[in-house]
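Values below: every heavy atom of this structure, side chains too, minus hydrogens, waters and symmetry copies. Chain identifiers are assigned alphabetically (A, B, ...) following the order of the sequence lines, protein sequences preceding nucleic acid strands; residue numbering begins at 1 within each chain. If you're wondering where the values come from, they're calculated on a predicted model, not measured in any experiment.
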There are 2 protein chains.
Amino acid sequence: MDAAAEVFRQRGYAATSVDNLVEATGVHRGSLYGAFGSKHGLFMRALDAVDTTRDPASRLDLALIGLLELAPGDPHVRERIAGVLEAHDITEEQLGRRLLTRAGLPRSGGPT
Amino acid sequence: MDAAAEVFRQRGYAATSVDNLVEATGVHRGSLYGAFGSKHGLFMRALDAVDTTRDPASRLDLALIGLLELAPGDPHVRERIAGVLEAHDITEEQLGRRLLTRAGLPRSGGPT
DNA sequence: GTCATTCAAGAACGATCGATCAAGTACCCA
DNA sequence: TGGGTACTTGATCGATCGTTCTTGAATGAC
């Protein structure tokens, strides 16, 4: 599960194939669908996982991915992430900063 | 071109198919590849387009998508977006705020 | 011992992806 | 007017997508 979250976190949602998840988790295709129903279901469970993780970067990354790729058209994901943001007091600035760091651009148009 | 940027902006990069772009722009498949070489090349040109647009939301959306989906593994995109951010003095907080707004979550864990 | 049930495992499915290419058409200059 | 060039168009390519289904082995009850 943590392995799945890690793959989503690094590759993004759409860019992550089920093969990637199978390889990363060691769980085989059929079992994966038996347990989670779909790639989407697995992502939701990954959100649950990072909600309780102690690594804030993982949490922020998965929130970013969910917000950008899924949330606009998926109320279920939207609400789930809203809960995560609220539970951990994640601010807009934290999201923006993590987005830049993850992209390899730690600096923004900040003060001189 | 603006039409292409709009499609990327709404759907994201990976989730946008070349068919989507063909349909949105009215330009046919072959011509699209003749002019831009690849989906990636077209995205780069869309970045150029929003760099000079007057709509800040479009600019922010495309920057968000590029940063999250492409920039971590693509230095060319990364630098191009860095230029956009700097040219328009876009801050981390602006990025974070726009991310939430686009996702349909205007509020974060802000003050009471 | 025997049969039913469960679960892992991966082969196979249709759909769709990004990209290429052959064929058709219009045009321009000599 | 004739010949060649450049562009448009959409059919087609192999690869890969998310998902389903068949297969085979293991387990437990009686």
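For A:Tyr13, the ring-ring contact (aromatic ring centres under 6.0 Å, His included) test picks out A:Phe8, A:Phe43, with sequence neighbours left out. Every salt bridge (charged side-chain N to carboxylate O under 4.0 Å, His left out) that B:Arg29 has, sequence neighbours left out, goes to B:Asp19. Under the ring-ring contact (aromatic ring centres under 6.0 Å, His included) criterion, B:Tyr33 pairs with no residue at all, not counting sequence neighbours. Under the side-chain contact (heavy atoms from CB on, under 4.5 Å) criterion, A:Ala15 pairs with no residue, sequence neighbours left out. Applying the salt bridge (charged side-chain N to carboxylate O under 4.0 Å, His left out) test to B:Arg11 and every residue at least two apart in sequence or in another chain returns nothing.
Put simply, A:Ser31 has no side-chain N or O that comes within less than 4.0 Å of OP1 or OP2 on C:dC7.
The side chain to side chain donor-acceptor pair (under 3.5 Å) pairs that include a residue from residues 63-72 of chain B number zero, where partners must be two or more places apart or lie in different chains.
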Revision key, fill the gap. Contact string for nucleotides 13-24 of chain D, one letter per nucleotide 5' to 3', B = base within protein heavy-atom range under 4.0 Å, S = sugar-phosphate only, - = neither, reads ----SBBBB---
Donor-acceptor contacts under 3.5 Å from residues 73-80 of chain B side chains, at least two apart:
{"from": "B:Asp74", "atom 1": "OD1", "to": "B:His76", "atom 2": "N", "distance (Å)": "3.0"}
{"from": "B:Asp74", "atom 1": "OD1", "to": "B:Val77", "atom 2": "N", "distance (Å)": "3.1"}
{"from": "B:Asp74", "atom 1": "OD2", "to": "B:His40", "atom 2": "NE2", "distance (Å)": "2.5"}
{"from": "B:Arg78", "atom 1": "NH1", "to": "A:Ala103", "atom 2": "O", "distance (Å)": "3.4"}
{"from": "B:Arg78", "atom 1": "NH1", "to": "B:Ala71", "atom 2": "O", "distance (Å)": "2.7"}
{"from": "B:Arg80", "atom 1": "NE", "to": "B:Asp48", "atom 2": "OD1", "distance (Å)": "2.6"}
{"from": "B:Arg80", "atom 1": "NH2", "to": "B:Asp48", "atom 2": "OD1", "distance (Å)": "2.8"}
{"from": "B:Arg80", "atom 1": "NH2", "to": "B:Asp51", "atom 2": "OD2", "distance (Å)": "3.1"}

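Distance, A:His28 NE2 to C:dA9 C1': 6 Å, rounded to whole Å.
Checking side-chain atoms of B:Arg102 against main-chain N and O of A:Leu68 turns up a donor-acceptor pair under 3.5 Å.
Within residues 63-73 of chain A, no residue has a heavy atom under 4.0 Å from DNA chain D.
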